[in-house]
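Working notes, beginning with the structure itself.
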Amino acid sequence: MSFLTFNIPMLSIFLSLLSAVICPMLPKKNQAFHLVRIVELIVLAMSVYLMVQLMTIRESFTYMMGHFPAPWGNELRAGPLEALLATCFSLVMVLSLTGGAEDIRRDIMPHRQNRYCLLMQLLYTAVIAMVYTNDLFTGYVFIEIAAITACIAVVAKESGHSTVAAMRYFIFSSLGSGLVLMGISILYCITGHLLMEPLQVAIADLCQKGLYQLPLTASAVLMILGLSIKSAQFPFHAWLPDAYSSGTTATSAISSGLVLKGYMVLLLKLILRVYGLGTLARMHMCNLMFIMGLLGMLITSVSAIRQENVNRMVAYSSAAQISYIFLAFGMGNLAGLAAGCFQILAHAFTKPMIFVGTGALIRAGQGRSFWSDIRGAGRRAPLAGIAFTVGGLSLCGLPLLAGFAAKYQLGSAAISCGWQTYPALFGLAVSSVLNAVYFIPGILVIWNRPPEGAVFPPMPRSSTYQHKISVICFLIANVFLGSMVGTVMMVINRGLQLFS
Amino acid sequence: MLEDYEAYLKYVADHPKVSFEDFRKKREKKPRQAPSVVEEYDESEEDAAMEAEWNEGHIHRMKMWQRSYAVLSVLVSAVVLVFFFQVSIQLPPFGDPTNPDLNEVTERYIEKGLEETGATNIVAGLILDYRAFDTFGESTVLFAATMSVILLLRRPRPVKDSPIPRDRILQMVGLVMIPAVMMFGIYVVLNGHLSPGGGFSGGTVMGCGLILAYMVMGRSRLEHYLTPNRLTGVTVACLCTYGVLKGYSFITGANHIGWEVPKGKPGAIFSSGFILPLNICVGIIVACTMYTFFSLFSERED
Amino acid sequence: MIALELVLLVFLFFCALTAILTKHLVAAVITFMSYSSVMAILWLLLESPDLAITEAAVGAGVTTLLFFLALRRINALKGVDEDDD
Amino acid sequence: MLDLIIHQRLYIGSIALFILGLGTLFLHPNLIKKIIGLNLMDTGSFLFLAAMGYMEGGQAPILEEGAEQVFINPVPGGLVLTGIVVAVSSTALFLSLTCRLYRRYHSLNLDDILMRMWSGEDKVEQEEDQESNPVSEQEENEEPK
């Protein structure tokens, strides 16, 4: 393995971190915005190169942070799956920032814009570090960074609603990280390790000897609940609609596309690398996750139907998609985990596209985000309309789109697992129908004729080409994911084998 | 305030169309004539009514939710308490030398800690050399918090000087104490790797020294030296030096190349490789952060 | 030594309870300051002086200072509008 | 049973503080009490971490030239140092959000704030937005990049 590939994980984290730290020092307003996107493109190129290299040599490597090997110093771990996730997250980050550029310029006060770019870059660094880290406490520190920056990104767009939404978001996320910290402490108390490989060995022999079983279950419950609170899983998703409907488009897109997925990647590591599927199944954690996912899919989709506000509806459908991932992880077999990873990627590309679309539609409509205001907005901003339509149809499961491939993988994984097969298939079918029930009317509304005598604010003729580029790239990525399912699944499966 | 709310709840039972805000304004103006409120309300345009309609659902659901909230919370906390009591009973015995967490990992930290990191205070050696990536994430958390508080609280308009009460005695005593506090802070930071303390606690003490200087000398005199941009500049510079130093040691460590940093004589101040400069960087970051928090929170609320 | 730890633990718990249940916010913050100081002493008993200094400086020092500043800022606003519990 | 509780006193005490802080953060409507609850929760878990590192008759991990001593586990000390600073930054952030909320809604009770937000504060909100970013209008015609 060449010198470069070996150092790519560390370089990508440090490059994005130092570029975030330099942001406030840049004099001109737009410089920070361009620096952030350039760095993300560099990290994107590095991750693609790393993924290709790792796929050819078929192995994952651990990177010692400092002079001391595994149980003593920190460690990063990179495999094909981590590289694929880093690639997709970087791509989604760049496209969301480009798509939301117009809204950032309009919503956020000029002297605060380079601090907003700083927060977005720190959020991106936290997610990339969560993908690569091989140490639980480092994961907790970056969970905390993501929590702080995501909350303040919601407040960047100044309005009463956004401050209240950020407050509720911050309460829920500090609750989540408190639970995660307690889970890590209990785990360290009974095993004495913080790094994931020695931890797995220690837990395996603990289960063998039957020692400290209750504290082990307690730490698993705490960590899974903490991560589900932070990723707006069903019982704890109250903060999500307010936060995503009152932030700027870029914030909502990045939070739904990236931040929720970062916690899911940590959950995947917990399942595969720390506890192992066997111990989790024996502790009934898989069933807990499965039931939470199933209920979440149905109930959040139902509450999405009742929403009059476009952004709130899209936010509720995000919560439903997160429950898909929980359902997949709860199936307790490798096929389920692979389907979960594919769902992470599919949702990471679909939801930001919808948010970018709705942002432009609201600007093209009468300025407020109720259905009556964006009636006929699709005709004034056709590309945004297409983005919203394709995103909606992909979530409803139209073939040749990412959503359909994700549901297909989920279905095939459900067939090969025990009692969960029929509930999972039932949940999939019903939630797809519910998706259609609230997305299709939305699509019809935006392509409808605008109401007579409706006064439309003047269409901003500036910076639409940035928005065009991001929507087109999103569409291409979506169709690619939907059609080239074979290659993506091959990378995911190989990554999962090398993961633990 | 609460009785307003109860009165509003009773009032809204038979006049569902009235929103809380209008109710409060009406009550202040005409506390007793309830019926006149209803007519006055009708002329508002259709849009606000639609908005109120949407909010009425929220408020109704909010009331229903609050009642079940109280019962639910008592139940949940009882279950959680019993569960955690059981867990804490079954944990490894407190203080027992054969606990699972006193294993070969801690043996190496204690035995080889001195010669590997050169720091006699093993915790400082652990933070800044064995697990340095956590501490780097840690300083980034501080930096993110500073930037967020600046984004939240800083007013674009220049804020007039906060009239902190000028008390001669306090001022004199403050002036005498400032050098002592700063000296103690610098001592704790510089001796971080020899005695208990280090970047975080020393930085906080230095931060408190700066806060004391702010209170005693007032904002205007201190603003000459510690302007907000200069503070951010210093924090950014320290974070970059920390990143470069640690980046160098990560890359050389992982690829087993590069120049071995001299550990120096244990017990001397310039002794343990990068740990001293890192401690100074972390100390300055923490001091600037605490001072920024203080100066932002103490701006007059006009 | 065990008795001292038990006494401190009981004091911590009741300090926390009073900090939560008192109606007056400034009293709650002062109780929280004493809670942090006693926590620093407890960490000294647990043979970790690093934590004791940091908790004393950060917990009792800066956190409480921020609380008082926030309360002063809120009371300054309250002077403008008289309806807070 | 009693001597077991006495022996595990620090674990029970720290988990009790943790649950107390958890409950307050989640259930108490007043924002300042929520922040105190957050701090209680964090210090509770840090006490738990520090307690597990303790060893009977162990010394603080500072190596003097003296004879070989038995030392306690330094790792929890390192973790808690990091955690304390995380707790401070979360508190500072929480307090600044509370100040902003109070400046707009003039109440510290979260249920009250939600009530006012839902009961049509939009009229006030529009003026607030216009006043707070008057600059955005000139931005319209300025050609970006």
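Numbers restart at 1 for each chain; the letters A, B, ... are given by sequence-line order, proteins then strands. In what follows, every heavy atom counts, from backbone to side chain, and hydrogens, waters and symmetry copies are set aside.
Contact annotation for A/Pro69: only side-chain heavy atoms (C-beta onward) come within less than 4.5 Å of a heavy atom of chain B. B/Asn99 does not touch chain A: none of its heavy atoms, backbone or side chain, sits under 4.5 Å away. Heavy-atom distances place the side chain of A/Ile13, and not its backbone, under 4.5 Å from chain B. Using a 4.5 Å cut-off between heavy atoms, A/Phe14 contacts chain B through its side chain alone, with no backbone atom that close. Neither the backbone nor the side chain of A/Leu211 comes within less than 4.5 Å of any heavy atom of chain B. Both the backbone and the side chain of A/Leu214 come within less than 4.5 Å of a heavy atom in chain B. Residue A/Tyr140 does not touch chain B at all, counting heavy-atom pairs closer than 4.5 Å. In this structure, chain A has a heavy atom under 4.5 Å from the backbone of B/Ala132, while its side chain stays farther away. Heavy atoms of A/Pro24 lying under 4.5 Å from chain B belong exclusively to its side chain. Using a 4.5 Å cut-off between heavy atoms, A/Met10 contacts chain B through its side chain alone, with no backbone atom that close. Of the two parts of A/Leu216, neither the backbone nor the side chain holds a non-hydrogen atom closer than 4.5 Å to a non-hydrogen atom of chain B. For A/Leu119, the part lying near chain B is the side chain, with the backbone staying farther off; criterion is any non-hydrogen pair under 4.5 Å.
A distance of 11.5 Å separates CD in B/Glu138 from OG1 in A/Thr138, rounded to the nearest 0.5 Å. Atoms CG and CG, from A/Asn74 and B/Asp134 in turn, are 4.5 Å apart once rounded to the nearest 0.5 Å. If you take CG on A/Asn7 and CD1 on B/Ile251, they are separated by 5.5 Å, rounding to the nearest 0.5 Å.
Across every non-hydrogen atom of A/Leu18 and B/Cys240, the tightest pair is CD2-CA, 4.4 Å. Residues A/Ile186 and B/Val87 share a closest heavy-atom pair of CD1-CG1, 4.5 Å. For the residue pair A/Val141 and B/Val141, the shortest heavy atom distance occurs at O-CG2, 4.1 Å. Annotation for B/Phe143 and A/Leu118: closest pair CE2-CD1, 3.5 Å, computed over non-hydrogen atoms. Annotation for B/Pro92 and A/Tyr212: closest pair CB-OH, 3.5 Å, computed over non-hydrogen atoms. Of all the heavy atoms in A/His67 and B/Ser249, the pair that sits closest is NE2-O, 3.7 Å.
Here the side chains of A/Leu17 and B/Phe136 are in contact, with some heavy-atom distance below 4.5 Å. B/Arg131 places a side-chain heavy atom less than 4.5 Å from the side chain of A/Phe137. Between A/Thr149 and B/Met147 there is no side-chain heavy-atom pair separated by less than 4.5 Å.
Between B/Tyr130 and A/Phe68, the two ring planes are tilted [angle within 30° to 60°]. Ring geometry for B/Phe133 versus A/Phe142: interplanar angle of 30 to 60°, hence tilted.
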(request) Could you walk me through whether A/Ile148 and B/Ser148 pass side chain to side chain contact (heavy atoms under 4.5 Å, CB included), step by step? (result) CA-CA 8 Å; A/Ile148 288 179; B/Ser148 323; 3.8 Å; yes
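The choice from A/Met25, A/Glu144, A/Met65 that makes the most heavy-atom pairs within less than 4.5 Å of chain B is A/Met65.
A side-chain contact (heavy atoms from CB on, under 4.5 Å) with A/Trp72 is found for exactly one of B/Val105, B/Thr106, B/Leu126, namely B/Val105.
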